[in-house]
Trainee: 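Sharing a structure, written as structure tokens. Questions coming.
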Amino acid sequence: MPTLLRTRKNGRKWARTAAVVATAGIAMSVAAVPASADVIEIPVGYTVTGSTVVKKTGSAMTLGPGNLDGALIIDDQTGSVGLRANLSLPPSQANISLVSGLFKIKAKVKITPTGPATGTLADGTLTTHAQANMEIYDIWAGLLVPVIPLPTVPGSCKASKPLDLDLSAKDVDIFAPKFTVTGTYTIPDFKNCFIADLALGALVSGPGNTISLDLAAKTEG
């Protein structure tokens, strides 16, 4: 879920690099950078905030603030650009209302990436990909107020496989101080949640969930 926002003007090579990156239609791929190329890595960092909406219930969950830190990778010979970054997000609070708000559920949700996020930029469109594990814990339910705890073993109630998060942004301005990537994703079934397994599957699991992340460039100093 990375963005291309700023480069440093450090001599002629940096100036040439900025001109290459600013040109529309650049293809960006980490894997495409040849090992023998003159590769330039520019550190980048962003503050991440956003939200996600579960399709089945229509409930929204606030994400962040978190961090996305990595590097812009540029092949100075071919002009191809790659991006690799590590995402970290704090646990979020999920609130679900059912039966016209009479029955409510609250829980903590932890999203942990399985590895770095990567992306491509082509014809002004940025696309990114990441995988992440989803854990749900501290689950409460009840009429009007969620006061009944649902037993789970800490660290065990998780989605049965990682989420595939594919986000994109059109007409990317790589020098803008802020930029938004959006996408949809599928929430898998859950396991090791005891009595909550079926409930989470019925209420949360499934395709068509939306996510939007705002990436703001970190300032130096």
Trainee: Just how far is it from atom OG1 of Thr184 to atom CG of Asn209, taken to the nearest 0.5 Å?
Mentor: 8.5 Å
Trainee: Return the set of residues passing side chain to side chain donor-acceptor pair (under 3.5 Å) with Asp166 (not counting sequence neighbours), or none when no residue passes.
Mentor: His129
Trainee: Show every disulfide bond (SG atoms under 2.5 Å apart) that has at least one partner inside residues 41-104, sequence neighbours left out.
Mentor: none
Trainee: Got a second to check how far Leu167's CG is from Thr182's OG1, nearest 0.5 Å?
Mentor: 6.5 Å
Trainee: Where is the tightest heavy-atom contact between Ala71 and Val44, given as atom of each residue plus distance?
Mentor: N-CG2, 3.9 Å
Trainee: What disulfide bond (SG atoms under 2.5 Å apart) pairs are there with at least one residue in residues 181-215, not counting sequence neighbours?
Mentor: Cys157-Cys193
Trainee: Before you tell me yes or no, could you show the steps for Ile136 and Lys108 under side chain to side chain contact (heavy atoms under 4.5 Å, CB included), namely the whole-Å CA-CA distance, both residues' side-chain angles and the distance that decides it to 0.1 Å?
Mentor: CA-CA 6 Å; Ile136 298 182; Lys108 292 290 181 63; over 6 Å; no
Trainee: Please enumerate all residues that pass side-chain contact (heavy atoms from CB on, under 4.5 Å) together with Ile96, with sequence neighbours excluded.
Mentor: Thr57, Ser59, Leu98, Ile105, Val204
Trainee: For Leu68, run the side chain to side chain contact (heavy atoms under 4.5 Å, CB included) check against Val48, Leu213, Leu89 and tell me which one passes.
Mentor: Val48
Trainee: Which pairs of donor and acceptor atoms, one on a side chain in residues 138-152, lie under 3.5 Å apart (sequence neighbours left out)?
Mentor:
{"residue": "Asp138", "atom": "OD1", "partner": "Trp140", "partner atom": "NE1", "Å": "2.7"}

Trainee: Within a strict 4.5 Å, meaning less than it, do heavy atoms of the Leu200 and Ile187 side chains meet?
Mentor: no
Trainee: Does the side chain of Ile40 come within less than 4.5 Å of Ile73's, by heavy atoms?
Mentor: no
Trainee: Could I get the full list of side-chain contact (heavy atoms from CB on, under 4.5 Å) partners for Lys161, not counting sequence neighbours?
Mentor: Pro188
Trainee: Using only atom types and a distance under 3.5 Å, with no angle test, would you say the side chain of Ser168 pairs donor to acceptor with the backbone of Leu126?
Mentor: no
Trainee: Can you pull out every disulfide bond (SG atoms under 2.5 Å apart) where at least one residue sits in residues 90-124? Sequence neighbours excluded, please.
Mentor: none
Trainee: Quick one: pull up CG in Leu63 and CD1 in Ile111 and give me the separation to the nearest 0.5 Å.
Mentor: 5.5 Å
Trainee: Restricting to salt bridge (charged side-chain N to carboxylate O under 4.0 Å, His left out), what partner residues turn up for Asp69, sequence neighbours left out?
Mentor: Lys218
Trainee: Pairing donors with acceptors under 3.5 angstrom, does anything connect the side chains of Thr180 and Asp214?
Mentor: yes
Trainee: Could you tell me which non-hydrogen atom of Gln77 sits nearest to which non-hydrogen atom of Asp38, and how far apart they are?
Mentor: NE2-N, 3.9 Å
Trainee: Under a plain distance cut-off of 3.5 Å, with no hydrogens placed, do Tyr185 and Thr210 share a side-chain donor-acceptor pair?
Mentor: no
Trainee: Looking at Thr62, is its backbone amide N or carbonyl O close enough to the side chain of Ser92 to form a donor-acceptor pair, meaning the two atoms are under 3.5 Å apart?
Mentor: yes
Trainee: side-chain contact (heavy atoms from CB on, under 4.5 Å) with Thr125: which residues, sequence neighbours excluded?
Mentor: Thr127, Lys170
Trainee: Examine distances only and state if a side-chain atom of Lys56 and a backbone atom of Ser205 form a donor-acceptor pair shorter than 3.5 Å.
Mentor: yes
Trainee: For Asp164, give me all partners under side chain to side chain donor-acceptor pair (under 3.5 Å), at least two apart in sequence or on another chain.
Mentor: Gln131
Trainee: Who passes side-chain contact (heavy atoms from CB on, under 4.5 Å) against Lys110, sequence neighbours left out?
Mentor: Thr112, Glu135, Tyr137
Trainee: Out of curiosity, Met134 CE to Lys158 NZ, how far, rounded to the nearest 0.5 Å?
Mentor: 13.0 Å
Trainee: Other members of the hydrophobic cluster containing Phe194, with the 4.5 Å side-chain heavy-atom rule, please.
Mentor: Val153
Trainee: About how many Å separate OG of Ser97 and NZ of Lys104, when rounded to the nearest 0.5 Å?
Mentor: 4.5 Å
